[in-house]
Number of protein chains: 2
Amino acid sequence: MNASTSDFPTGSTRMSEQMSDALPPSEQHVRQYAAVRNAHETELLEDYVELIGDLLKYQGEARSTDIAARMGVSQATVSKTVTRLKSQGLVDSQPYRSLFLTEKGEAMAEMARRRHAIVLQFLRALGVSDGTARIDAEGMEHHVSRETLEVMERFTRERGRD
Amino acid sequence: MNASTSDFPTGSTRMSEQMSDALPPSEQHVRQYAAVRNAHETELLEDYVELIGDLLKYQGEARSTDIAARMGVSQATVSKTVTRLKSQGLVDSQPYRSLFLTEKGEAMAEMARRRHAIVLQFLRALGVSDGTARIDAEGMEHHVSRETLEVMERFTRERGRD
DNA sequence: ATACTATCTTAGCCATGGCTAACTTTTTTC
DNA sequence: GAAAAAAGTTAGCCATGGCTAAGATAGTAT
Ligand SMILES: [Mn+2]
Ligand SMILES: [Mn+2]
Ligand SMILES: [Mn+2]
Ligand SMILES: [Mn+2]
């Protein structure tokens with residue numbers, strides 16, 4: 001249940017690495033953690049609208065059951081989250097009916113889709129296997145800034161084996 | 001308050017990218033989301049032990065106040081989280097006293113420290129600016145698999161300007 | 001020693017994101 | 001078109017991770 005603590009490469013720690021481990025200035029440090037908390041606030045909603053958009057596109061319909069099956073959670077959990085999505089004006093639906101994205105939801109889905117694709121393609125271009133790349137990209141995407149995305153895009157374009 | 005939905009590069013979407021956006025098989029998709037939920041379970045605890053370790057190392061002591069200041073949260077929040085850290089056997093402390101890491105806490109801190117450093121150095125080696133790299137690394141680190149870490153390490157070693 | 005200040009804890013509040021169980025509605029089957 | 005199955009909702013539970021307000025303890029000055 002607990003994350004393994006010995007699950008990572010044990011390669012040599014070089015001199016030059018030592019320096020970068022000192023504590024950053026407090027204000028910087030605070031910004032780092034705040035950015036993470038911030039990302040976590042919208043993470044799930046982003047994944048939902050992205051998935052709903054994909055289901056609409058590839059299956060013509062987005063049903064709660066499909067979402068529950070894909071996300072690996074119960075239907076009740078999906079129902080509750082959909083209520084939140086509606087209250088945030090991202091999703092539209094009648095009770096017991098299929099789900100749709102609002103304009104705002106479309107926009108968020110489109111952003112998430114693009115961002116996710118950039119990170120996934122980058123990881124593959126780097127040389128990470130497809131399965132691992134998909135898993136890592138799903139979590140990483142929400143923590144990648146615009147600047148880093150641009151660097152990733154350029155890398156994939158220039159050196160990608162995609 | 002809501003995440004901006006137009007905050008990302010709008011570069012052209014190439015043909016080859018289109019294919020990779022199709023829905024992955026359901027089981028794979030479930031694994032992706034499960035991995036993210038899993039990472040989020042330990043994420044905060046990892047950052048706490050990492051920070052406590054750094055404070056012990058660089059300031060000789062790890063006080064709740066310092067943690068609260070660095071994390072940008074209230075002391076009450078730190079107190080509550082420390083209770084959890086103790087109940088998981090990661091941290092040791094007497095009431096109103098400084099914090100220490102258990103063996104288990106040390107191990108987790110060491111893992112987190114290494115992983116965090118690898119991701120940070122990788123981003124810098126990629127060409128991301130220091131400030132951005134620090135922010136992105138803080139969130140990304142928890143979602144990077146062993147395989148990807150190894151690829152990042154190799155990249156930094158071979159092409160890094162570090 | 002007393003008083004002040006800084007630190008830490010506790011209680012109680014809230015939102016999020018899981019779950020199961022019970023119920024309702026819709027869809028399919030016969 | 002009735003019965004059965006599938007899909008969706010609601011209620012109520014729990015843990016996490018924030019917060020404020022109030023109180024307790026420790027450390028510093030005077
Ligand atoms: Mn995701
Ligand atoms: Mn970290
Ligand atoms: Mn972190
Ligand atoms: Mn995360």
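Throughout, protein chains are lettered first and strands after them, A, B, ... in sequence-line order, and every chain is numbered starting at 1. Keep in mind that the numbers below use all heavy atoms, side chains included, and drop hydrogens, waters and symmetry copies. Being a predicted model, the structure only gives us computed values, none of them experimental.
When the side-chain nitrogen and oxygen atoms of Thr65(A) are compared with OP1 and OP2 of dG8(D), one or more of them lie within a distance under 4.0 Å. Applying the 4.0 Å criterion to OP1 and OP2 of dG8(D), one finds that Arg97(A) has every side-chain N and O outside that range. Between Ser74(A) and dC19(C) there is a side-chain N or O to OP1 or OP2 distance below 4.0 Å. Between Thr77(A) and dC19(C), a side-chain N or O to OP1/OP2 separation shorter than 4.0 Å is present.
Atoms CD (Gln75(A)) and P (dT25(C)) sit 16 Å apart, rounded to a whole Å. One interatomic measurement links the two molecules: CG of Asp66(B) to C1' of dT7(C), which rounds to 10 Å at whole-angstrom precision. In this structure, the NZ atom of Lys86(B) is 7 Å from the P atom of dT9(C), given to the nearest Å. With rounding to whole Å, Leu45(B) atom CG is found 15 Å from dG18(D) atom C1'. Distance Lys80(B) NZ to dT16(D) C1': 8 Å, rounded to the nearest Å. Rounded to a whole Å, the CD atom of Gln94(B) is 14 Å from the P atom of dC8(C). One atom, CG of Leu99(A), and another, P of dT26(C), lie 15 Å apart when rounded to the nearest Å. With rounding to whole Å, Arg37(A) atom CZ is found 18 Å from dT16(D) atom P.
Listed candidates were dA26(D), dT24(C), dC13(D). Nearest to the side chain of Tyr96(A) is dT24(C). Nearest to the side-chain atoms of Ala76(A) among the listed nucleotides dC19(C), dA7(D), dT10(C) stands dC19(C).
At a threshold of 4.5 Å between non-hydrogen side-chain atoms, the residues Met71(A) and Tyr48(A) count as touching. Proximity of Asp136(A) to His143(B): side-chain heavy atoms (C-beta onward) are nowhere separated by under 4.5 Å.
Nearest-nucleotide mapping onto DNA chain D: of Ser79(A) and His40(B), the residue sitting toward the 5' end is Ser79(A).
A salt bridge links Arg146(B) to Glu150(B): one of the charged nitrogens lies within less than 4.0 Å of a carboxylate oxygen. In this structure, Asp66(A) does not pair ionically with Arg70(A), as no charged nitrogen and carboxylate oxygen lie closer than 4.0 Å. Salt bridge annotation for Arg115(A)-Glu141(A): present, with a cationic side-chain nitrogen under 4.0 angstrom from a carboxylate oxygen.
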